[in-house]
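Each chain gets a letter, A, B and so on, in the order the sequences are listed, and its residues count up from 1.
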Amino acid sequence: MKMKLCGVGCGRLGTLAGLGRNGAAALTLPGCLLYTRTGSAPHLTRDTLQVVGGVPAVAQLTLPTMAELHEVLEEYKEGAAKFIGMPDTVLYCSLLDPVAPCPSGYNTNKTVSLWGTSGRMELTASKFMDIQRAIQPDWFQCISDGDTISGEVSRKRAKKSVDRSLSFLDVCLQLLEKSPELQGSVMFGAIEGGDILEERLRSARETAKRPVGGFLLDGFQGSAMIKETKLQLIASVTAELPEDKPRIIHGIGRPDEVLECIERGVDIFESFFPFQVTERGCALVFSYDYHSDPEAAALKQNGAQDVEKNGAEDQDEISKADPEMTPFEIFLKNKRYQDDFGPLLEGCTCYCCQRHTRAYVHHLLVTNELLAGVLLMMHNFQHYFSFFSAIQDALRDNKLDQLKKLVFKQALQGPANAKPGQ
Amino acid sequence: DSGGFQMVSLVELSQVSEQGVHFRSPYGGAEILLSPERSIEIQNALGADIMMQLDDVVSSTTTGPRVEEAMHRSIRWLDRCIAANRCPQQQLFAIIQGGLDPALRAQCLREMTQRSVPGFAIGGLSGGEDKDSFWRMVKLSTDLLPRDRPRYLMGVGYPTDLVVCVALGCDMFDCVYPTRTARFGSALVPWGCLQLKNKEFTKDFRPIDPDCRCPTCRRHSRAFLHALLRSDTAALHHLTVHNIAYQV
């Protein structure tokens, strides 16, 4: 795996080359991973996924599902990539699923707990490595204690997360040397420490001393940490890390937060966000076209038209929208889209926008058809991947500020479906 | 399709009169009237290449005077549908009724074949009646239908029934079975079907059918599909693709 950065003034624009079994794959940075569930892009078969533009070269597998398949994979012997039908895809195995909540308070000095469909699984470092040997991923997150995100975390608990994670890391590095199945795999060290700067710095410095292939900024998931603290910590952590190794962050998905993290030295993100948008019956419609006038673009995409349509709004429809909904999306189940014969997003070249209308997707959602999820996932993935492409372009053109302005303006506008003044 | 079958499937929420079928919505109780004219109006708006008449459908296990009433009404509704059709390029099919009574079916056939329609459907079957009565009604219908018009046997069906009914002279079929059973985790194979949610497939690394050339069988194993069924709808899509390939 080779990291090539484009040089000063371009942020961390670059490429991670030499990936995969035959070293032919590459990930452009800053970039994201393809989110999967049991190795499948949600709602999509291989054929439908192939129609989506810009699919990243690296896919994310989550350990809880793979752990439940440990025995199966051991008997299969040929690794998870082949088992899931993606033999040529570069796979990254994260410790947790970004979408599944992880109950707090179960980790110990020697074990970490994961939750799958059959309940809780307690893993030691040794068991963890057994499972990775069966998965044979290209990249994987080293087992770590990231249980510092559920609010009120004491200094003591933050310190423990660092101590335990370093201890796990050292054990796993030793086990890695003795694992022929994992000789081609790259282990990422997890940086913990909760919201305590001292601990974060200690974690970063100590982890950087170990021969890991990359770094994982963990414990920044959720909404318990104050925004300013989160951003300061991320910047402080990456400042301690070597330039030539990739930095992944977990749990960050919103476009505004992605940009903030990129500015602070993060390279790789997950793509669970477009999946969550899909699950709540929404479509991403935010603009990342920093070339045109930000004022006009933002209004056009999100809404003067959408907001104006609010005349005889059915209050019930609005309140049924998921409270997690962001200003970057529209809730297609809303009655206002019943006879809206435009595409999900004007100008979008995805499969759904080229062939179908908002009215049709609205109908599919109302009648609970599986096709709604398929079409929305295709659109949301493509839009999100195109966003990362735009970030790379903006870095190249030295226009990241314009892109930021555009995205942040849309972040402030409030949901496109809201009544004026709400 | 005209919406006629819902008279049976939603019998609790519907009431039939000469005018049409009154349906009551289970969400809020709003009433709609589906008349022959309204059904054709909607089918015209949808632009369907093939349209079905609105027929008076009774469950195939119903007995008594209701069956005869429905048969006669279906003829009258056929005439109303023909009159209401504004788009001659859309092909309106008649639907033969008469339940499991040979005399009633024959009477319906004699009447409906006098109307000028581009095709005939055989209706009111495939609803749980015993097989012995089922195939006899199919044969009676195909014996009396013109040879130069398509015969569409509605709601059929299971693989065995398809083979038998082709032999009896039917041309067209429809059935939710392959796709619905896929959505329940069931894959169709020449020797039956595989309930992929079952534990026996956990470590079965063979494809659903080694002789099948569909995308699912070329790329995925039973074990993978078994695992995927627990976590994502993509599994249902894989099975749907296979079952349709099998059906075709």
Side-chain angles (χ1 to χ4, degrees), chain A residues 35-50 61-62 64-89 97 99-100 115-118 134 275 278-279 316 363 366-378, chain B residues 1 3 6 10 25-28 30 42 45-47 176 178-185 187 196-208 212-245:
Chain A
Y35 176 66
T36 72
R37 295 170 80 73
T38 313
S40 174
H43 301 292
L44 308 180
T45 62
R46 269 278 287 250
D47 291 326
T48 35
L49 180 64
Q50 268 169 8
L61 275 184
T62 55
T65 349
M66 291 297 122
E68 285 188 314
L69 292 172
H70 184 200
E71 272 185 40
V72 179
L73 290 169
E74 269 194 332
E75 190 163 316
Y76 185 68
K77 291 185 179 51
E78 297 179 73
K82 232 180 142 206
F83 179 72
I84 64 178
M86 290 179 138
D88 305 317
T89 306
D97 185 335
V99 157
W115 275 263
T117 47
S118 335
F275 168 65
T278 302
E279 294 308 278
D316 279 307
H363 165 72
V366 165
T367 51
N368 276 317
E369 283 291 328
L370 290 173
L371 187 58
V374 177
L375 294 177
L376 282 176
M377 191 75 265
M378 293 174 85
Chain B
D1 198 5
Q6 277 61 44
L10 299 175
S25 168
Y27 315 105
I42 295 172
L46 289 173
V176 298
T179 52
R180 179 177 286 167
T181 208
R183 291 194 303 276
F184 290 132
L196 287 170
K197 285 183 180 170
N198 286 359
K199 281 207 173 100
E200 67 182 283
F201 297 108
T202 317
K203 294 178 187 167
D204 190 339
F205 302 121
R206 299 170 291 175
I208 291 171
C212 179
R213 306 303 302 149
C214 85
T216 304
C217 291
R218 275 190 280 125
R219 259 185 229 121
H220 300 297
S221 65
R222 300 168 183 191
F224 171 66
L225 293 167
H226 170 84
L228 190 60
L229 274 164
R230 299 181 92 187
S231 71
D232 194 77
T233 65
L236 307 181
H237 300 306
H238 286 301
L239 293 184
T240 299
V241 166
H242 168 80
N243 283 2
I244 292 178

If you count heavy-atom pairs under 4.5 Å with chain B, which of [options] comes out on top?
options	result
A:Gly85, A:Gly39, A:Pro42	A:Pro42
A:Glu71, A:Met377, A:Met86, A:Glu75	A:Glu75
A:Leu69, A:Leu73, A:Leu44, A:Asp47	A:Asp47

Closest non-hydrogen atom pair, B:Asp232 against A:Ala41: OD2-O, 4.1 Å

Could you look at [X] and say if it's the side chain, the backbone, both or neither that has a heavy atom under 4.5 Å from chain A?
X	answer
B:Leu225	neither
B:His238	both
B:Ser221	side chain
B:Phe205	side chain

Proximity breakdown for A:Ile84 and chain B, heavy-atom pairs closer than 4.5 Å: both

Donor + acceptor pair across side chains of A:His43, B:Thr233 (<3.5 Å): yes

Residues, nucleotides or ligands: over 12 heavy atoms within 6.0 Å of A:Glu78 CD: yes

Atom CZ of B:Arg218 with >12 non-hydrogen neighbours under 6.0 angstrom: yes

OG1-CG distance between A:Thr45 and B:Leu236, expressed to the nearest 0.5 angstrom: 12.0 Å

CZ on B:Arg219 to NZ on A:Lys82, rounded to 0.5 Å: 14.5 Å

Pair A:Leu370-B:His237, side-chain contact (heavy atoms from CB on, under 4.5 Å): steps then yes or no: CA-CA 9 Å; A:Leu370 290 173; B:His237 300 306; 3.9 Å; yes

Pairwise side-chain contact, B:Arg230 with A:Ser118, heavy-atom cut-off 4.5 Å (strictly under): yes

